[in-house]
Amino acid sequence: MPGQKISAPKGVSEYVPSRSRAFEFVRENLIAPAKRAGYQLIELPVFEDTELFTRGVGESTDVVSKEMYTFEDRGGRSITLRPEGTAGVMRAVIEHGLDRGQLPVKVWYSGQFFRAERPQAGRYRQFYQVGIEAIGLDDPAIDAEVIAIADAGFKAIGLSKYRLEITSLGDAESRAAHRVDLVEFISTLRLDEATAARALVNPLRLFDDKREEMRKAMADAPLLINYLNEASRLQFEQVQKYLNALGISYVLNPRMVRGLDYYTGTTFEFVHELLGAQSGIGGGGRYDGLMEQLGGQSLSGIGFGLGVDRALLAAEAEGVIGNDAFVSDLFIIPLGESARVKALTIAADLRTHGKSVEIAFGDRALKGAMKGADKSGAKCVVVLGESEISSGTVELKEMKSGHTSSVKIDSLLEAL
RNA sequence: GUGGACGUAGCUCAGCUGGUAGAGCACCCGGUUGUGGUCCGGGAUGUCGCGGGUUCGAGCCCCGUCGUUCACCCCA
């Protein structure tokens, strides 16, 4: 009985040839600017103690309350597949005492994250993010640099049709003052049950409602940006000054809301113009109380997460990324058994010297093998038969031009 | 979790008011002896998502289910 086909779990993003190459390009280049800015790799588990997220990200958030993949392991511990990266980094920094050394701690990460949401264009249950965190420095200059690094990542993969939105959520005092007035304002609105419930846990969320009637209702709502105290306002002005100096264009969006509760002060979001409803390709901000909340010392921090899947979608939408497959330097077509042995050794030798070499295996006719070589896009082809082995010379064919030249087998490395 | 659309060969899709399936691309073989891309000839391929129902008969109609997709909530 033939086995039943098994398909991938719902809503996961996977990348197979030939698109996987574009994915790899995006993932590596998005984070490249961070490495050049002195950020170091931090490699963490994809699952963590559930409490890390309930305490760190915030129980009131949708991410924690209804989108986490949580299960019990065999020892009865509650485990959760990470829905975001910052909390895990904080945990590791505290656990390994990185915060006891030189500050700021600057790390980057790349990997998959999990959220049990209904899949949609650009939204997956397993998705990829790259990100950085800079911990232990309360200087607006680093806010600007973090934003600039994210921006450089998008530019590195060729994106241009996106905008950067920034705002400041201020410090605790500023937010408390604003909240009083905002709650008062909201109490004058007539809300449906779900919305009212959301307003209760975090009234700021109402700013993000896409429904027309809600946008109208919130049009006159008091804005947090107008409640910033002296210190918060100064800090935000500094950030803008540095961004201007860096020549990074941005728009102020005082109605911007982020989905995780730990954000404070500077927050930002990159929004792409060609994507559908899920147009946020990256975002981040300051989280000055998070470390302490997770049992560490009281250190501030700032970071970002960039969506690799969405950045790839954006690059494809802009037409700035090719789907060209990997091409080998040489394709060897052996004819006969002794040639096959020789081809294996030649290929192995050339590869140790950094050349990419493929071999036509099997018993395809020469014509078929040539076709395969052509399809593979290999730069050059060599047919290896009895006469070549005895003479030690092959005809090296340059596929694009069709030109051939006689080359000693021992000199293939130089000829390529 | 809520709503809409869609599920036919590996891929993109066609299939008229119900009569047991087709195209293009891709793939394989060949067009005389060991050199690809074009052209020509030939070939393989589907439990028409799955399960029920209506009917003499269903890819086409009805119900359910699973999946995909787009949007809402939310977010990368």
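Below, chains carry the letters A, B, ... as their sequence lines are ordered, and counting in each starts from 1.
A:Arg82 has its CZ atom 15 Å from the P atom of B:rA76, to the nearest Å. Rounded to whole angstrom, the span from the CE atom of A:Met399 across to the C1' atom of B:rU38 amounts to 14 Å. The distance between atom CD1 of A:Ile333 and atom P of B:rG34, rounded to the nearest whole Å, is 12 Å. Atoms CD (A:Glu388) and P (B:rU35) sit 12 Å apart, rounded to a whole Å. Put simply, CD1 on A:Ile281 is 10 Å from C1' on B:rA76, counting in whole angstrom units. Regarding A:Leu313, its CG atom lies at a distance of 9 Å from the P atom of B:rC70, rounded to whole Å. Per the geometry, CZ belonging to A:Phe207 stands 18 Å off C1' belonging to B:rC73, to the nearest Å. Rounded to whole Å, atom C1' of B:rA76 lies 12 Å from atom CZ of A:Phe23.
Of all nucleotides listed (B:rG34, B:rC70, B:rA76), B:rA76 comes nearest to the side chain of A:Asp309. For A:Lys10, taking side-chain heavy atoms from C-beta onward, the closest of the listed nucleotides B:rG34, B:rU68, B:rG36 is B:rU68. The listed nucleotides are B:rG31, B:rC73, B:rG34; the one nearest the side chain of A:Lys367 is B:rG31. Comparing atom distances between the A:Asp374 side chain and each of B:rG37, B:rG30, B:rU68 picks out B:rG37 as nearest. If you check B:rA76, B:rG36, B:rG1 against the side chain of A:Arg118, the one that comes closest is B:rG1. Residue A:Leu366 has its side chain nearest to B:rG34 when only B:rG34, B:rA76, B:rG36 are considered. Relative to the side chain of A:Met370, the nucleotides B:rG30, B:rU35, B:rA76 differ in distance, and B:rU35 lies closest.
The cationic atom of A:Arg255 (NZ for Lys, CZ for Arg) does not lie both less than 6.0 Å from the six-membered ring centre of A:Phe207 and within 45° of the ring axis.
The gap from the P atom of B:rU20 to that of B:rC6 amounts to 25 Å, rounded to the nearest Å. Nucleotides B:rA26 and B:rC66 have their P atoms positioned 39 Å apart, rounded to a whole Å. Taking the C1' atom of each, B:rG22 and B:rA44 are spaced 16 Å apart, rounded to whole Å. For the P atoms, the distance from B:rC13 to B:rA76 is 32 Å, rounded to whole Å. If you take atom C1' in B:rG49 and the same atom in B:rC60, they sit 16 Å apart, rounded to whole Å. Rounded to the nearest Å, the gap between the P atom of B:rG36 and that of B:rU32 is 12 Å. Comparing the P positions of B:rG4 and B:rG57 gives an interatomic distance of 33 Å, to the nearest angstrom. Of the C1' atoms belonging to B:rG19 and B:rA9, the separation is 23 Å, rounded to the nearest Å.
Heavy-atom distances to RNA chain B give each of A:Arg310 and A:Val12 a nearest nucleotide, and the one nearer the 5′ end belongs to A:Val12.
As judged by a 4.0 angstrom heavy-atom cut-off over every strand, A:Thr404 is placed among residues making no nucleic acid contact. Using a 4.0 Å heavy-atom distance criterion, A:Gly11 is classed as a sugar-phosphate-only contact. Here A:Ala373 lies out of heavy-atom contact (under 4.0 Å) with every strand. A:Gly276 comes within contact range of the sugar-phosphate backbone alone, with a heavy-atom separation under 4.0 Å but no base atom that close. Using a 4.0 Å heavy-atom distance criterion, A:Leu306 is classed as making no nucleic acid contact. A:Gly402 comes within 4.0 angstrom of a base, heavy atoms only. When heavy atoms are screened at a 4.0 angstrom cut-off, A:Tyr124 is found touching base atoms of the nucleic acid. Using a 4.0 Å heavy-atom distance criterion, A:Lys371 is classed as a sugar-phosphate-only contact. When heavy atoms are screened at a 4.0 angstrom cut-off, A:Glu67 is found touching the sugar-phosphate backbone but no base atom.
There is a side-chain donor-acceptor pair under 3.5 Å between A:Glu318 and A:Ser160. Checking A:Glu386 against A:Ser338 by side-chain atom types alone, a donor-acceptor pair falls below 3.5 Å.
At a cut-off of 3.5 angstrom, counting only N and O atoms as typed in the model, there is no donor on one side facing an acceptor on the other between the side-chain of A:Arg123 and the base of B:rA76. Taking only distance into account, the side chain of A:Glu117 meets the base of B:rA76 through a donor-acceptor pair shorter than 3.5 Å.
Using a 4.0 Å cut-off between charged side-chain N and carboxylate O, A:Glu337 and A:Arg340 make a salt bridge. A salt bridge links A:Glu48 with A:Arg91: the distance from a Lys NZ or Arg NE/NH1/NH2 to an Asp or Glu carboxylate oxygen falls below 4.0 Å. Contact check on A:Arg286 versus A:Asp138 returns a salt bridge, with a Lys/Arg side-chain nitrogen under 4.0 Å from an Asp/Glu carboxylate oxygen. Using a 4.0 Å cut-off between charged nitrogen and carboxylate oxygen, A:Lys155 and A:Asp151 count as a salt-bridge pair.
Less than 6.0 angstrom separates the ring centroid of A:Phe154 from the ring centroid of A:Tyr162.
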Would you list the atom pairs, donor with acceptor, under 3.5 Å between side chains in residues 400-416 of chain A and any protein atom, with sequence neighbours excluded?
{"residue": "A:Ser401", "atom": "OG", "partner": "A:Glu398", "partner atom": "OE1", "Å": "2.8"}
{"residue": "A:Ser401", "atom": "OG", "partner": "A:His403", "partner atom": "N", "Å": "3.2"}
{"residue": "A:Ser406", "atom": "OG", "partner": "A:Glu395", "partner atom": "OE2", "Å": "2.7"}

For RNA chain B, produce a single dot-bracket line, 5' to 3'. Pairs: Watson-Crick or G-U wobble, both distances under 3.5 Å. Symbols: ( ) within strand, [ ] crossing, | other strand, . unpaired. (((((((..((((........)))).(((((.......))))).....(((((.......))))))))))))....
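The shortest distance between the side-chain N/O atoms of A:Arg364 and the OP1/OP2 oxygens of B:rC28 is below 4.0 Å. Within the structure, every side-chain polar atom (N or O) of A:Lys375 is placed at least 4.0 Å from both OP1 and OP2 of B:rG36. The phosphate of B:rA71 has OP1 or OP2 within less than 4.0 Å of a side-chain N or O from A:Gln120.
By the criterion of a centre-to-centre distance under 5.5 Å and near-parallel planes under 30°, the ring of A:Tyr128 forms no stack with the base of B:rA76.
Ring planes of A:Tyr128 and A:Tyr15: perpendicular class, angle over 60° (limits at 30 and 60°).
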Show your reasoning for whether side chain to side chain contact (heavy atoms under 4.5 Å, CB included) applies to A:Glu165 and A:Phe268. CA-CA 6 Å; A:Glu165 300 185 352; A:Phe268 55 94; over 6 Å; no
